[in-house]
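Throughout, protein chains are lettered first and strands after them, A, B, ... in sequence-line order, and every chain is numbered starting at 1.
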Amino acid sequence: MTKPRVRFAPSPTGALHIGGVRTALYNYLFAKQQGGAFILRIEDTDQNRYVPGAEKYIIETLRWVGLIPDEGVDFDGAYGPYRQSDRKEIYQKYARELVTRGRAYYAFDTPEALEVRRAAEENFTYNHLTRGGLTNSLTLPAAEVQHRLDAGEPCVIRLLVEPGQAIRINDLIRGEVVFQSSELDDKVLLKADGMPTYHLANIVDDHLMAITHVIRGEEWLPSTAHHVLLYEGFGWQDTMPQFAHLPLILKPVGNGKLSKRDGAKFGIPVFPLEWKGATPEDSFSGFRDTGFLPEAVINFLALLGWHPGGEQEIFSLNELIAAFSIEHISKGGARFDYEKARWFNQKYIQAADNGVLATHIRPLAEAKGYRVSDAYLAQVAGLMKERVTFLPDFVEVGYYLFESVRVYDAEALHKKWNTGLSPVFEDLTDLVATFEPFNGVALEEAVKNFISAKGLKPGDVLPLLRLALAGTMKGPAIFDMAEALGQDETAERLRRFVAYAGKNAESAVNG
RNA sequence: GGCCCGUUCGUCUAGGGGUUAGGACGCAAGAUUUUCAUUCUUGUAACACGGGUUCGAUUCCCGUACGGGCUACCA
């Protein structure tokens with residue numbers, strides 16, 4: 001069997017939806033597993049919906065999640081150009097060829113005229129029943145058609161759908177699907193502006209680019225019948241690609257497919273990257289800026305509508321490639337489960353190398369004005385990675401590893417502190433300030449000895465020591481923090497704490 | 001409305017003519033960690049409904065219901 005060639009063909013009309021990323025992923029996994037090629041084609045045939053920056057966004061997304069195309073816009077390849085607006089003449093040529101072959105025709109009806117017709121007639125469609133009464137090269141004398149064409153009158157080219165035939169599609173996910181041609185409309189192939197519609201461009205390009213498998217969203221299933229007719233019309237049925245229509249991603253709650261609006265509605269990202277639109281309503285946060293690791297997003301998306309069987313949940317990209325199969329893709333829509341996405345991220349952060357985490361944390365730390373070494377960042381990563389869900393948590397939840405304690409947990413302080421502890425903590429501060437060697441293990445032993453020498457229990461002192469260092473009862477092991485903070489800082493925090501607790505204890509007693 | 005697709009725990013799913021219907025997330029309880037989190041253990045919870053076919057259907061077939069998609073000179 002020849003190597004498969006698949007394409008991801010998004011339209012640059014705005015930020016790439018997370019469902020689009022999943023489509024790209026499945027295409028990529030299939031291609032890589034079979035040793036084939038993954039191609040990025042930009043489908044910008046609608047000039048009205050073109051959004052500047054969208055193409056760049058798509059490419060940046062693919063790079064971020066690591067789905068690097070073998071060919072495509074920005075990636076070279078021998079079948080280019082890969083941007084449909086750069087292929088305009090090609091489509092015109094093929095559209096005319098179809099007319100010549102008697103499989104398509106010119107239609108001069110204006111959009112406005114058709115609009116009027118639709119308003120007057122319920123369920124009006126341009127098809128074998130109505131085309132005889134409309135203005136096209138099927139109804140007009142040949143001479144007039146030529147005259148109109150020569151005069152440059154605006155017109156479109158429509159697919160001539162012959163009624164009475166059953167069109168069978170063998171979908172790799174759904175099995176055989178049958179459509180009756182009598183129910184199909186004469187789709188526009190070439191628009192009046194000279195640009196092709198999706199239907200024409202997609203068939204011509206898939207053929208010219210030697211695409212073997214079309215893996216796309218379920219919303220394309222109904223028009224696949226037209227696509228088959230197009231392959232036949234061109235005489236390309238022998239090399240027609242195989243189809244696989246993916247189930248949709250549904251809203252977290254309620255009915256319908258996941259939409260960009262759901263991001264704001266549920267406070268969750270539905271886009272891979274941040275998107276800055278013209279207005280706040282058209283701007284969205286993404287998985288990346290929320291603090292997801294790309295590997296976690298891939299793992300989450302892969303399992304949203306597909307599972308190889310077995311009980312494994314965590315898959316690296318290479319494992320996904322090895323395990324992937326189109327047959328195991330679910331048929332039903334998959335609800336977007338953000339809790340699961342969070343869980344994946346947490347797992348990936350936990351499993352990540354401290355040094356790698358440090359590189360992710362650095363920009364976040366710098367944004368807050370923290371100036372620290374890579375080694376320290378790696379240390380923080382090690383201390384916090386089992387306590388965070390998102391990357392920013394390192395500098396937000398664990399802020400006290402970068403700057404002084406902002407606030408002491410009042411409840412814990414009142415519960416544990418008493419004025420009799422003041423001299424104890426002053427002595428403890430001295431111990432910490434002078435103890436050698438200053439490392440977590442040795443310090444822990446020394447402090448525990450100190451506690452018992454004072455006739456106290458660990459529970460009398462340790463929680464307060466934690467408060468002194470972090471201000472909160474949550475967090476990494478006390479002596480690990482002390483070691484990370486260093487001797488001077490640890491002692492300093494103890495001094496500040498003793499001063500604060502002293503005042504606080506008085507007010508607590510009085511009030 | 002018409003055409004097409006779908007339906008296993010709350011969610012993502014495995015499975016497949018006879019199973020204690022498995023796993024994961026979530027939730028709950030317990031253990032460990034003198035914090036929190038992690039980790040571990042246990043628990044919770046599902047075959048949409050009605051007819052067939054069959055010795056036997058969650059699994060196969062047909063309906064119904066519900067959900068979804070498409071029905072543009074958008075993709």
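Distance CD (Glu313(A)) to P (rU11(B)): 16 Å, rounded to an integer number of Å. The distance between atom CZ of Phe300(A) and atom P of rU13(B), rounded to the nearest whole Å, is 10 Å. One interatomic measurement links the two molecules: CZ of Phe336(A) to P of rG26(B), which rounds to 15 Å at whole-angstrom precision. Computed from coordinates, the Asn123(A) CG to rG1(B) C1' distance equals 6 Å when rounded to whole Å. Counting to the nearest Å, the C1' atom of rA72(B) and the CZ atom of Phe124(A) are 12 Å from each other. At whole-Å resolution of the value, CG in Leu303(A) and C1' in rA14(B) are 11 Å apart. Counting to the nearest Å, the P atom of rA72(B) and the CD atom of Gln47(A) are 21 Å from each other. Atom CD1 in Ile329(A) sits about 14 Å away from atom P in rG6(B), given to the nearest Å.
Listed nucleotides: rA72(B), rA75(B), rA14(B). Nearest to the side chain of His307(A): rA14(B). In this structure, the nucleotide among rC25(B), rA75(B), rC73(B) sitting nearest to the side chain of Thr45(A) is rA75(B). Of the candidates rG6(B), rU35(B), rC25(B), rC25(B) carries the atom nearest the Lys340(A) side chain, counting heavy atoms from C-beta on.
Of the possible donor and acceptor atoms, none in the side chain of Asn299(A) sits under 3.5 Å from a partner among the backbone N and O of Glu295(A). Counting only distance, with no hydrogens or angles, the side chain of Arg174(A) and the backbone of His245(A) share a donor-acceptor pair below 3.5 Å. Between the side chain of His360(A) and the backbone N or O of Val356(A) there is at least one donor-acceptor pair closer than 3.5 Å. Side-chain atoms of His207(A) never come within 3.5 Å of backbone atoms of Ile203(A) as a donor-acceptor pair (strictly under, hydrogens ignored). The main-chain N or O of Ser325(A) is found under 3.5 Å from a side-chain atom of Trp306(A) such that the two form a donor-acceptor pair.
For rC3(B), the paired nucleotide is rG69(B), the pair qualifying as Watson-Crick or G-U wobble because both relevant distances are below 3.5 Å. Pair check for rG50(B) finds rC62(B); Watson-Crick or G-U wobble, both atom distances under 3.5 Å. Partner assigned to rU35(B) is none, using Watson-Crick or G-U wobble distances below 3.5 angstrom. For rC25(B), the paired base is rG10(B) (Watson-Crick or G-U wobble, both distances below 3.5 Å).
Using the six-membered ring where Trp is involved, His227(A) and His199(A) have ring planes that are tilted, between 30° and 60° apart. Between Phe324(A) and Tyr26(A), the two ring planes are tilted [angle within 30° to 60°].
Residue contacts shown for Val188(A) are limited to sugar-phosphate atoms, with no base heavy atom under 4.0 Å away. Across all strands, His17(A) comes closer than 4.0 Å to no nucleic acid atom at all (heavy-atom distances).
When the C1' atom is compared between rG10(B) and rC3(B), the two are found 33 Å apart, to the nearest whole Å. Comparing the P positions of rA48(B) and rU35(B) gives a spacing of 46 Å, expressed to the nearest Å. With C1' as the reference atom, rU59(B) and rG18(B) are 11 Å apart, rounded to whole Å. For rG23(B) and rA14(B), the P atoms lie 15 Å apart once the distance is rounded to whole Å. With P as the reference atom, rA57(B) and rG51(B) are 12 Å apart, rounded to whole Å. Using atom P as the reference point in both rU8(B) and rC60(B), the two lie 13 Å apart (nearest Å). Atom C1' of rC74(B) sits at a distance of 29 Å from the matching atom of rC66(B), rounded to the whole Å. Rounded to whole Å, the separation between the C1' atoms of rA45(B) and rU13(B) comes to 15 Å.
Residue Met473(A) comes nearest to Ala412(A) through the heavy atom pair CG-CB, 3.5 Å, listed as atom of the first residue, atom of the second, then distance.
The environment of Lys454(A) atom NZ is dense: over 12 non-hydrogen atoms of other residues, nucleotides or ligands sit within 6.0 angstrom. Other residues, nucleotides and ligands place no more than 12 heavy atoms under 6.0 Å from the CD atom of Glu411(A). At most 12 heavy atoms of other shown residues, nucleotides or ligands fall within 6.0 angstrom of atom CD in Glu445(A). For Glu122(A), the CD atom sits in a loose shell: 12 or fewer heavy atoms of surrounding residues, nucleotides or ligands are nearer than 6.0 Å.
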Pick out the pairs of N or O atoms, protein on one side and nucleotides 37-41 of chain B on the other, that lie under 3.5 Å.
residue	atom	partner	partner atom	Å
rA37(B)	O2'	Glu386(A)	O	2.0
rU38(B)	OP1	Gln346(A)	NE2	3.4
rU38(B)	O3'	Gln350(A)	OE1	3.4
rU38(B)	O2'	Glu386(A)	OE2	3.4
rU39(B)	OP1	Lys347(A)	NZ	2.8

Got a list of protein N/O to nucleotides 27-32 of chain B N/O distances below 3.5 Å?
none

Short heteroatom pairs, N/O only, protein and nucleotides 62-71 of chain B, under 3.5 Å:
residue	atom	partner	partner atom	Å
rG68(B)	OP1	Gly256(A)	N	3.3

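Residues from residues 189-206 of chain A with heavy atoms under 4.0 angstrom of RNA chain B, sorted by number: Lys191(A), Ala192(A), Pro196(A), Thr197(A), Tyr198(A). Near-neighbour residues of RNA chain B inside residues 463-475 of chain A, defined by a heavy atom below 4.0 Å, number-ordered: Arg466(A), Met473(A), Lys474(A), Gly475(A).
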I'd like a table of donor-acceptor pairs (distance under 3.5 Å, sequence neighbours excluded) in which one partner is a side-chain atom from residues 177-192 of chain A, with atom names and distances.
residue	atom	partner	partner atom	Å
Ser181(A)	OG	Glu162(A)	O	2.7
Ser181(A)	OG	Gly164(A)	N	3.1
Ser181(A)	OG	Gln165(A)	N	3.0
Ser181(A)	OG	Gln165(A)	O	3.2
Ser182(A)	OG	Gly164(A)	N	3.0
Asp185(A)	OD1	Lys187(A)	NZ	3.1
Asp185(A)	OD1	His226(A)	NE2	3.2
Asp185(A)	OD2	Lys187(A)	NZ	3.3
Asp186(A)	OD1	Arg131(A)	NH1	3.1
Asp186(A)	OD1	Val161(A)	N	3.3
Asp186(A)	OD2	Tyr105(A)	OH	2.5
Asp186(A)	OD2	Arg131(A)	NH1	2.8
Lys191(A)	NZ	Thr45(A)	O	3.0

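Because its NZ or CZ atom is not both nearer than 6.0 Å to the ring centre of Tyr106(A) and within 45° of the ring axis, Arg148(A) does not count as a cation-pi partner of that residue.
Aromatic ring centres of Phe300(A) and Phe336(A) lie closer together than 6.0 Å. Ring-centre distance between Tyr408(A) and Tyr500(A): below the 6.0 Å cut-off.
Within the 4.0 Å cut-off from OP1 or OP2 of rA75(B), not a single side-chain nitrogen or oxygen of His226(A) is found. Proximity of Arg342(A) to the phosphate of rC25(B): no side-chain N or O atom is located under 4.0 Å from OP1 or OP2. At rC73(B), none of the side-chain N or O atoms of Arg49(A) fall inside 4.0 Å of OP1 or OP2 (strictly under the cut-off).
A salt bridge between Arg493(A) and Glu489(A) is present, with a side-chain N of the basic residue lying under 4.0 Å from a carboxylate O of the acidic one. Arg49(A) has a carboxylate O that lies under 4.0 Å from a charged side-chain N of Asp46(A), or vice versa, which qualifies the two as a salt bridge.
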